[in-house]
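Notes to accompany the following structure.
As the structure is a computational prediction, the values presented were derived from the model and not from experiment. Hydrogens, waters and symmetry mates are skipped; everything else that's a heavy atom, side chains included, is used. Here is the naming used below: chain letters follow the sequence lines, and residue numbers restart at 1 for every chain.
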Number of protein chains: 2
Amino acid sequence: MRQWAAERPDLDVSPMEVIGRLKRLSRLVDAELKRNFAAYDLDAASFDVLATLRRSGAPYRLTPTALMQSAMVTSGAITQRLDRLEARGLVTRSLSEVDGRSREVALTGAGHALIDRALPAHVDTERGLLAGLDPAETSALVETLRTLLASLGDSAADSEG
Amino acid sequence: MRQWAAERPDLDVSPMEVIGRLKRLSRLVDAELKRNFAAYDLDAASFDVLATLRRSGAPYRLTPTALMQSAMVTSGAITQRLDRLEARGLVTRSLSEVDGRSREVALTGAGHALIDRALPAHVDTERGLLAGLDPAETSALVETLRTLLASLGDSAADSEG
DNA sequence: CCAATATATCTCAGCGCTAAGACATCCGTC
DNA sequence: GACGGATGTCTTAGCGCTGAGATATATTGG
């Protein structure tokens, strides 16, 4: 920030302070979570799909489109994630009975068991990452992030985990 | 969150609320910034390198290692970014005079001009992304992110933009 | 001084993602 | 019912990054 103020005093670079830190934090978090995923033979992408299916509740079925929106990736990315998960026997894909264009992605028993095993350590890792904040700071942060996401039109701002 | 509480009532998934939103926000921000980069024939990676060199001040020279630490990517990624920028005439690479292992990466006139042109719109885009927060919320957010980064050992928590 | 170790950069295979587009199916309108 | 546009999924080429490792130079301790 100091550097920018010296180099481009004509610009108000204060937004960089927020967004730069946000990006940095996101990278640090990703790197830390990755370590835990690896302990369960997972990566962030696979974990994301399994966790989304898991939290959707019985019968643990969602369409690729739903998974795509939750993950905020392209349809091609979801297709490939599902290819990998299906090959490992963690999910199944079947034709939708109500829409001929669509598929139903379902957790298998193995997928269910794996995500249930990986979840506790994952949440613990996340808790550890936030250990530097006291409860008041944490809840203020949640609230601010919710406000920000809502202002950007993110529909999942109220339900996402 | 509601879904998790119903599915895994044994787990305190509150950390997911923070980290999930953080990740989501980071993706939205990336997507929005990307649009502006494209208007200047840049991508996030190239912009990052040019901006880092630019804010380092005259003589706008840094080592690949310094760029690597700033960008939080591997050395291979920096090598490739520099290959691309060098091919476009936006930076030059020369041997270090003080360390035979090292290189000096310098902004060219074209690189300097390009980043100076792209910067104002970039900062404006960032400002727009934060428009949903009032000044008090914004400064509280900065402070919280700083605290969090510091607690995670991020040395650049105080200077990064 | 030399050996051992650390550091700086580059190389490259492999991987997951995007972007663009193909294809099938659904839906609204006439 | 047929047409045209919208939607859901998959395909594929290309791209940037990682991770492992190669190479060269620097540093440190004996």
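- Going from atom CD1 of Ile78(A) over to atom P of dG8(D) covers 14 Å, rounded to whole Å.
- Regarding Arg101(A), its CZ atom lies at a distance of 12 Å from the C1' atom of dG5(D), rounded to whole Å.
- Put simply, CG on Asp83(B) is 11 Å from P on dC12(C), counting in whole angstrom units.
- Salt bridge Arg27(A)/Asp30(A): absent, no basic N to carboxylate O contact under 4.0 Å.
- Side-chain nitrogen and oxygen atoms of Lys34(B) include none within less than 4.0 Å of the OP1 or OP2 phosphate oxygen of dC17(C).
- Among the protein residues, Ala45(A) comes within range of the sugar-phosphate backbone only, with heavy atoms under 4.0 Å from sugar or phosphate atoms but none that close to a base.
- Remark: C1' of dG16(C) and CG of Leu42(A) are 15 Å apart, rounded to the nearest angstrom.
- Within the 4.0 angstrom heavy-atom criterion, base atoms lie near Gly76(A).
- Here Asp48(B) pairs with Arg81(B) in a salt bridge; the nearest charged N to carboxylate O distance falls below 4.0 Å.
- Remark on DNA chain D: of its neighbouring residues Thr63(A) and Gln80(A), the 5'-side contact belongs to Thr63(A), judged by nearest-heavy-atom nucleotide.
- Using a 4.0 Å heavy-atom criterion, one finds that Ser96(A) contacts no nucleic acid atom at all.
- Phosphate contact (OP1/OP2 of dC17(D), side-chain N/O of Arg81(B), threshold under 4.0 Å): present.
- Taking 4.0 angstrom as the limit, Arg103(A) places none of its side-chain polar atoms (N or O) nearer than this to OP1 or OP2 of dG8(D).
- The side chain of Asp43(B) approaches dG16(D) more closely than any other nucleotide in the set dC10(D), dG16(D), dT18(C).
- When each of Gln69(B) and Asp99(A) is assigned the nucleotide of DNA chain C bearing its nearest heavy atom, the one mapping closer to the 5' terminus is Gln69(B).
- Remark: Arg93(B) is in phosphate contact with dC10(C), judged by side-chain N or O atoms under 4.0 Å from OP1 or OP2.
- With rounding to whole Å, Glu86(A) atom CD is found 13 Å from dC10(D) atom C1'.
- Salt bridge Glu104(A)/Arg93(A): absent, no basic N to carboxylate O contact under 4.0 Å.
- The pair Asp43(B)-Lys34(B) fails the salt-bridge criterion, with no side-chain N (NZ, NE, NH1 or NH2) lying under 4.0 Å from an Asp/Glu carboxylate O.
- Nucleotide dC17(D) holds its C1' atom 14 Å from the CE atom of Met68(B), rounded to whole Å.
- In this structure, the CG atom of Leu82(B) is 14 Å from the C1' atom of dG16(D), given to the nearest Å.
- Atom C1' of nucleotide dT25(C) and atom CD of Glu97(A) are separated by 16 Å, given to the nearest angstrom.
- The side chain of Arg84(A) contributes an N or O atom lying less than 4.0 Å from OP1 or OP2 of dG16(C).
- Residue contacts for Ser102(A): at a heavy-atom cut-off of 4.0 Å it reaches the sugar-phosphate backbone alone, with no base atom in range.
- Distance alone, capped at 3.5 Å, places no donor-acceptor pair between the Ser70(A) side chain and the Leu67(A) backbone.
- Side-chain atoms of Ser75(B) come within donor-acceptor range of the base of dC10(C), with a qualifying N/O pair under 3.5 Å.
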